[in-house]
Structures are given as structure tokens and as C-alpha cells.
Amino acid sequence: MEKIGKRGLGVGLVFGVLAIVGAVTQPAAFYQAYLLGYLFWLAIALGSLVTVMIHHVAGGAWLLVGRRIMEAAIRTLPLLAVLFIPVLLGMRYLYVWSIPEVMEADRYLQMKEIYLNVPFFVGRAILYFAVWIGLGWALTKWSYLQDSTKDPLLNQRMRIASGAGIVAYVLTATFASFDWMMSIDPHWFSSIYGPIFFVSQGLSALCFLLIVLVKLARYEPLSGAVTDDRYHSLGKWLFAAIMLWAYLMFSQFLIIWSGNLPEHIAWYQRRIGSEWKVLALLLTLLHFFLPFIILLSRFVKRKAGILFKIAIGLLIMRYLDLFWLIVPDLHEGDFVVHWLDFVVPIALGGIWLSVFARTLKDRPLLVLHDPRFEDLLKKEEGGRHDE
Amino acid sequence: MSQPTSNRALYGIVAEYADDAALLAAAKAARSEGYTVMDAYSPVPVHGIYEAMGGTRTKLPLVTLLGGLAGLGGGLGLQVWVSAIEYPINVGGRPFLSWAAFFPVTFACTILGAALASLIGMLVMNNFPEPYHPIFNTPNFDAATKDRYFFCIEAADPKFDAESVRAFLKNTGAEAVSEVEP
């Protein structure tokens with residue numbers, strides 16, 4: 001993990017220099033790529049936050065071995081808050097409504113000005129990060145506290161905070177998706193956009209967790225704790241998340257397709273009525289059908305090696321999905337791929353991964369004194385297999 | 001006194017136990033003795049008993065998959081046939097073969113097919129309906145729904161020999177061992 005951290009930092013710095021060169025010479029392309037990369041890595045941290053909260057509320061054994069990995073991802077949220085600043089600097093390249101001349105010329109946009117204005121946008125972003133960082137800070141702190149105090153009451157506290165936290169997360173993530181992605185085309189709107197945003201985040205986080213878990217399961221202390229049953233549970237989650245993603249994406253498409261109204265359909269015309277349709281087809285096949293068919297099998301869900309490959313494939317698909325959602329609007333439907341679109345996400349990823357690796361190392365890898373984990377170990381010694 | 005047991009037609013020999021641990025141990029022992037056709041009866045689920053008896057994975061998932069595929073083909077086929085071939089209606093100028101509109105019904109039919117196949121397949125695989133089963137000839141078998149655990153080695157077992165099975169079951173800590181007629 002240390003090696004990954006150092007390598008990540010190295011890659012981050014090299015690509016970071018390239019990215020800065022790009023930022024100076026081609027700011028529009030740079031900010032587009034920055035938003036893509038930023039949302040990709042933010043998804044892993046935020047998805048981890050909501051997955052951990054779901055686990056606290058719903059219970060079960062499925063996340064006990066992976067919780068510390070997700071908690072390390074959650075604790076990178078302050079870094080991600082800092083990394084959001086360039087998005088604010090590049091607003092005029094990303095969000096046309098932030099340019100006063102555009103606003104003045106468009107009566108329709110003027111009616112939305114009460115929500116779509118720069119100060120309110122910045123204020124909302126501050127609020128979102130305050131909620132996310134606050135929740136993440138409390139939950140990871142209590143979880144860590146349990147290592148030393150072994151206090152079972154902390155579970156109760158984490159559960160209550162998570163119940164309220166899920167509601168807060170759903171609200172903030174919905175509005176964040178409206179602000180940061182949907183408002184790129186300020187004329188278009190879709191009320192299912194928020195769920196698509198946060199289900200995608202959960203999916204990203206699960207893929208990332210599986211990748212790290214498979215890598216770390218070769219070493220102590222995880223090697224003994226990560227059994228096939230744990231992989232099976234996470235595999236089922238992955239399967240469900242893919243289906244939910246496909247369900248939401250299709251629901252949005254079906255409703256807009258059936259309505260066929262000018263203010264809605266333009267968004268799809270840019271994405272499937274143009275060269276972008278190749279990407280749409282690719283997403284349908286590789287983000288849904290292929291992993292769906294592979295994961296139908298119980299055998300596959302219990303095989304770490306196969307899950308690892310599926311998780312990597314799906315993370316690439318997550319990036320392409322963001323690409324498909326964001327880029328067409330910035331080029332009026334023209335198919336444009338820029339070298340910065342790959343350099344900037346890798347630079348951000350290198351930096352993020354190095355911080356993640358250092359955060360992960362700070363704390364024990366297992367929540368050893370969570371009473372539920374103790375129960376689980378006892379049960380498995382007795383040869384019993386409860387999910 | 002009694003006639004030689006091997007001459008009588010038997011369904012199997014049943015042992016009765018007081019707790020699940022003894023039942024589980026008996027199943028494991030029977031398996032390592034080489035018996036293959038056996039069954040356990042218990043008032044509560046006993047973890048690991050199925051594996052202990054050498055149970056294999058059920059074929060039911062395959063039935064479910066086939067049911068789902070049949071539902072998918074049927075649902076999609078019906079819509080294509082009705083709205084594109086047999087009775088085409090122009091709805092808002094959309095193409096007759098509008099796959100997006102067919103999707104929800106196809107999806108629902110897939111689920112329906114898979115669910116029905118699972119239910120019917122499960123019942124068929126469990127020999128439903130089966131109004132008579134010899135295991136109920138076991139003395140005190142009613143207790144299997146209350147507080148007793150029963151384990152049966154069936155006569156269909158190729159290694160079945162009444163004398164040795166009886167001796168074996170007595171050694172597993174059974175509280176009672178009885179021969180059960182078909």
C-alpha cells in the first residue's frame with residue numbers, strides 16, 4: 001500500500017505538471033477534464049460514505065472486513081473539498097449560466113436565476129461539503145474510538161447518525177448533481193438525475209473497495225478475515241448496483257423518449273442522435289449487459305480474481321459514463337476527445353490515491369472490537385455460514 | 001425371536017436424537033462410512049447438515065434462468081408480433097418496432113417467467129404432490145416438528161445392509177433406532 005501511495009504521488013506529480021501546462025494553454029479543455037476527473041474520484045469517497053452508513057443502519061456481515069478501507073476513502077473528503085476550488089475558478093468554461101451576457105440574452109434562464117447564480121452555487125457547495133465532511137468525521141472517529149474503548153454503545157450512536165446521515169446525503173447529493181452536472185445544460189432538467197448520481201457513486205465505491213480488498217487480502221490481517229462468503233455478499237451488492245444503475249438510466253430515457261418534448265429530447269439528441277451513440281451503445285453493453293450476465297453466476301460472485309477484473313472494468317465504465325453525461329453538452333453534441341481528458345483524471349487520481357493510502361495506513365485494517373465482528377468470527381469458527 | 005431383518009422390505013432405518021449436534025455428527029459419520037442415500041429431519045434449521053450429508057448444488061437456478069428466458073422471449077415476441085406485424089397502430093409517429101416501449105413489459109414478463117419457473121420447479125423437484133411418505137411410519141415421528149431430531153439411512157443406499165446400519169446408528173448416540181416399512 002505504501003508503494004501504491006508513493007507511486008501514486010509520483011504519477012500525480014508528473015501528470016499534474018502536464019495538466020498545468022494544459023490549464024495555461026487550453027483552459028476550456030482543462031476545466032472540462034478537471035470536472036470529469038474530479039467527479040470520478042469524488043464518487044469513490046462519497047459512495048463509501050453512503051455505503052458505510054447503509055451498513056450501520058442495515059447491519060450484516062458484508063462490510064465488516066471492508067469498512068476500514070471505505071472509512072479511509074471517506075477521510076479524503078477534506079482533500080476533495082480543497083480540490084473543488086478549480087471547478088469554481090473554471091465556472092465560466094463549464095456553466096454557461098454563470099456568464100452574465102448569456103443570462104441577459106436568455107429570458108428562460110433569467111427565470112432560473114434565483115437558483116442558478118454564482119454566490120448561491122458557491123454557498124451550496126460549501127454546505128454540501130460541510131455535511132459530508134461532518135458525517136464522515138463523526139462516523140470514522142467513533143469507529144476508531146471503538147478500537148480502544150471497545151464500547152458497544154458506539155454502534156448505537158453510529159446507527160442513529162447514519163439514519164439521519166443517509167437522508168442528508170441523498171438531499172445534498174441530489175442538489176450537487178443538479179449543480180455540478182445537470183446545470184451544464186441549464187435548459188434541461190430531469191428529476192431522476194439525483195438518484196443516477198448517487199447510485200453511480202455507490203457503484204464506484206464498491207468497485208474500488210473490491211479492488212483494494214482483493215489486493216490486501218493477500219496479507220495479514222485481512223487474509224484470514226476475507227472469506228468467500230464476504231466476496232459473495234459484495235458480489236451480490238455489485239450485481240444489484242449495476243441493475244439499479246441500468247434501471248434508473250433506462251427510466252430517464254424511456255420517459256423522455258415517450259414524451260418526445262423539445263426541451264427534453266435535445267439532451268438525448270446530443271447523446272444518441274450523434275456520434276456519441278457509439279459510447280451510449282458501449283455503456284449499455286459493457287456497463288450493464290456484460291457484467292450482468294457474468295455476475296448472474298453464484299460461482300463468479302465468490303471468486304476474488306474474477307470480481308477484481310469486473311471491478312476494474314466497471315470503474316473504466318464509470319469514467320466513460322461521466323464522459324457521456326458531461327462532454328456532449330460542452331461541444332453541442334460534437335464528438336470531441338481531448339488528451340487532457342485523460343491526463344487530468346490520472347493526475348487527480350495519483351494525488352487522491354497517495355492520500356488514501358496514507359490515510360488507510362493510519363489505522364488498523366479491521367474493526368476488531370465491533371461486537372458484530374466478534375460475533376462473526378465466533379460463528380465462522382463454529383463452521384456456520386450466516387450472511 | 002424376530003425373523004431375519006434382511007428378508008423384510010424396508011424403507012430405511014431411522015435413528016432419533018435429542019439435539020442437533022448429535023444429528024450433525026451422525027450425518028458426518030454416515031458420510032465417512034460411505035453411505036450416500038440418507039436424510040435428516042429436524043424441527044429447526046441445522047447449519048451445515050446439507051453439506052454434511054454430501055448434498056450437491058440444486059438445479060433450480062437453471063430452471064429459473066430458463067423460465068426467465070422464456071418469459072423474455074414470450075413478452076418481447078408478443079409485443080413485436082402484435083404491434084409491428086399483426087395490428088400495427090401509429091402512436092405519435094413512432095416506429096412500430098419501438099424497442100424502448102417494449103422494454104418494461106419484456107422485463108416484467110422475464111420476472112414472471114423466472115418466478116413461476118422457480119415455484120413450479122421447486123414443487124416438482126420436491127415430488128409435490130406426495131400424499132404418502134414412509135418416514136411417517138417411524139415411531140414418535142411427530143416429535144420431529146417439536147423437539148426431536150431424526151436421521152434416516154434409506155434402503156435405496158447401495159451399501160445398505162440392515163444389520164450393519166442398525167449397529168452403526170446405535171453407535172452414533174441415538175436414543176432410539178427403528179426399522180421403517182415402506
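The structure displayed is predicted, hence computed values, not measured ones.
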Quick check on [X]: does its [atom1] atom have over 12 non-hydrogen neighbours (other residues, nucleotides or ligands) under 6.0 Å away?
X	atom1	value
A/E275	CD	no
A/E263	CD	yes
A/K309	NZ	no
B/Y11	OH	yes

**Request:** Locate the shortest heavy-atom distance separating A/L254 from B/P104; write the atom from each residue and the value.
**Result:**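 Looking at all heavy atoms of both residues, the shortest contact is CD2-CG, 3.5 Å.
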
**Request:** Any chance you could measure A/W257, atom CH2, to B/F103, atom CZ, to the nearest 0.5 Å?
**Result:**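 With rounding to 0.5 Å, CH2 (A/W257) is 12.5 Å from CZ (B/F103).
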
**Prompt:** Would you call the rings of A/F253 and B/W99 parallel, tilted or perpendicular if under 30° counts as parallel and over 60° as perpendicular?
**Reply:**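 If you compare the ring of A/F253 with that of B/W99, the planes turn out parallel.
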
